[in-house]
Amino acid sequence: MAFNDERQPARTIVGTGMVGVMVDPASDADGCHPADVVTAMVDHVLGLAETWPRWNLQAIEVPVEGEPPRVYTPHKAVRRVTDHLIDHLAEIEARLAGRPTEPDRWHGSMVTTASDLAPFTHDDLDEAKSRLRRLALIWEVRLRSLTDQQLDEPAGENWTLRHVAFHVAESAFYADSVGALTT
């Protein structure tokens, strides 16, 4: 986790390059609609992905406190962002329909699959753009259809829907772990 100068957890306000103290997502303190936060994250991820056809097939290890390092590749970053968007979209839809959510059974970033290690081509980039832009559109349409009351309604021990959207925007971490590739 990154920290600012006051040793508080920091986050990048997606799309601005600014780093600030993590705010309570339910407060809307930075003035962003949750749909803007999710779509900005996808734009950020795809901006980095534009450089990934240059990937040299060397996996990137990211330290995790108290655990073995996690391995990231362009394909894994796209997979994790996509999975995170799908997982929480299903959660939102189930909650709005008054149904139980599907338990999380993803292996997450702990697993690196053989397909994660494949070269990342321009065709892969085109596929990622299509997939992630469609998911961002679904998120935007859903979130903009909700009132502030629906976005901020307490849900027992669950996050508010606004908080879920801000959490999903943290998926930029996976793409940031790969970064912009120059060689």
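When a residue number appears, it is its place in the shown sequence, counting from 1.
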Side-chain contact test, heavy atoms from C-beta onward, threshold under 4.5 Å: evaluate it for Val42 versus Leu85 and give yes or no. yes

(message) Starting from Val81, can I reach Met110 by hopping between I/L/V/M/F/W/Y residues whose side chains sit under 4.5 Å apart?
(response) no

Item to complete: Could you please spell out the steps behind the side chain to side chain contact (heavy atoms under 4.5 Å, CB included) verdict for Thr113 and His107?
Response: CA-CA 10 Å; Thr113 68; His107 294 291; over 6 Å; no

Applying ring pair (Phe, Tyr, Trp, His ring centres under 6.0 Å) to Trp139 and not counting sequence neighbours gives none

Sorted by chain and residue number, the side-chain contact (heavy atoms from CB on, under 4.5 Å) partners of Ile138 (sequence neighbours excluded) come out as Leu89

d(Asp176 CG, Tyr72 OH) to nearest 0.5 Å is 11.0 Å

Those residues at least two apart in sequence (or on a different chain) that pass ring pair (Phe, Tyr, Trp, His ring centres under 6.0 Å) with His88 are His84, His167

When every non-hydrogen atom of Trp159 is compared with those of Ala155, the smallest separation belongs to O-CB, 4.2 Å

In this structure, CD of Gln149 is separated from CG of Leu161 (nearest 0.5 Å) by 11.5 Å

Non-hydrogen side-chain atoms of Arg95 and Val164 separated by less than 4.5 Å
yes

CZ (Arg133) and CG (Asp43) are apart, to the nearest 0.5 Å, by 7.5 Å

**Item:** Test item: Leu135 and Thr82 side chains (from C-beta on) under 4.5 Å apart, heavy atoms
**Value:** yes

*Polar side-chain atom of Gln150 near backbone of Thr147 as donor-acceptor pair, under 3.5 Å*: yes

For residues 56-67, the salt bridge (Lys or Arg N to Asp or Glu O under 4.0 Å) pairs (sequence neighbours left out) are Glu67-Arg70

**Asked** Are Val71 and Asp116 side-chain neighbours, meaning at least one heavy-atom pair lies under 4.5 Å?
**Response** no

Under 3.5 Å, which donor-acceptor pairs do the side chains of residues 34-41 form with other protein atoms, sequence neighbours left out?
| from | atom 1 | to | atom 2 | distance (Å) |
| --- | --- | --- | --- | --- |
| Asp36 | OD1 | Arg144 | NH2 | 2.3 |
| Thr39 | OG1 | Ala35 | O | 3.0 |
| Thr39 | OG1 | Asp36 | O | 3.3 |

Residue set satisfying salt bridge (charged side-chain N to carboxylate O under 4.0 Å, His left out) with Glu93, at least two apart, ordered chain then number -> Arg142

For Lys129 and Leu46, the nearest pair of non-hydrogen atoms, with its separation, is CA-CD2, 3.8 Å

Between Tyr174 and Ser109 the two heavy atoms that sit nearest each other are CE2-CB, 4.1 Å

Between the CZ atom in Arg162 and the CG atom in Asp152, the distance rounded to the nearest 0.5 Å is 4.0 Å

Glu127 meets the salt bridge (charged side-chain N to carboxylate O under 4.0 Å, His left out) criterion, sequence neighbours left out, with none

Could you tell me whether the side chain of Val178 reaches within less than 4.5 Å of the side chain of Lys76, counting heavy atoms only?
no

Query - Any donor-acceptor N/O pair, Asp83 side chain to Arg80 backbone, under 3.5 Å - result: no

Rounded to the nearest 0.5 Å, the CZ atom of Arg79 sits from the OG1 atom of Thr112 at a distance of 7.0 Å

Using a 4.5 Å side-chain heavy-atom cut-off and chaining through intermediate ILVMFWY residues, the residues clustered with Val141 come out as Leu137

For Ser130, the side chain to side chain donor-acceptor pair (under 3.5 Å) test, sequence neighbours excluded, returns none

Heavy-atom side-chain proximity of Leu125 to Glu50 below 4.5 angstrom: yes

Sorted by chain and residue number, the side-chain contact (heavy atoms from CB on, under 4.5 Å) partners of Ala180 (sequence neighbours excluded) come out as Leu48, Thr51

Contacts of Thr121 meeting side chain to side chain donor-acceptor pair (under 3.5 Å) (sequence neighbours excluded), chain-then-number -> Asp124

Applied to residues 116-136, the ring pair (Phe, Tyr, Trp, His ring centres under 6.0 Å) test, sequence neighbours excluded, yields Trp52-Phe120, His75-Phe120

Shared hydrophobic cluster for Leu132 and Ile86 (ILVMFWY, side-chain gaps under 4.5 Å): yes

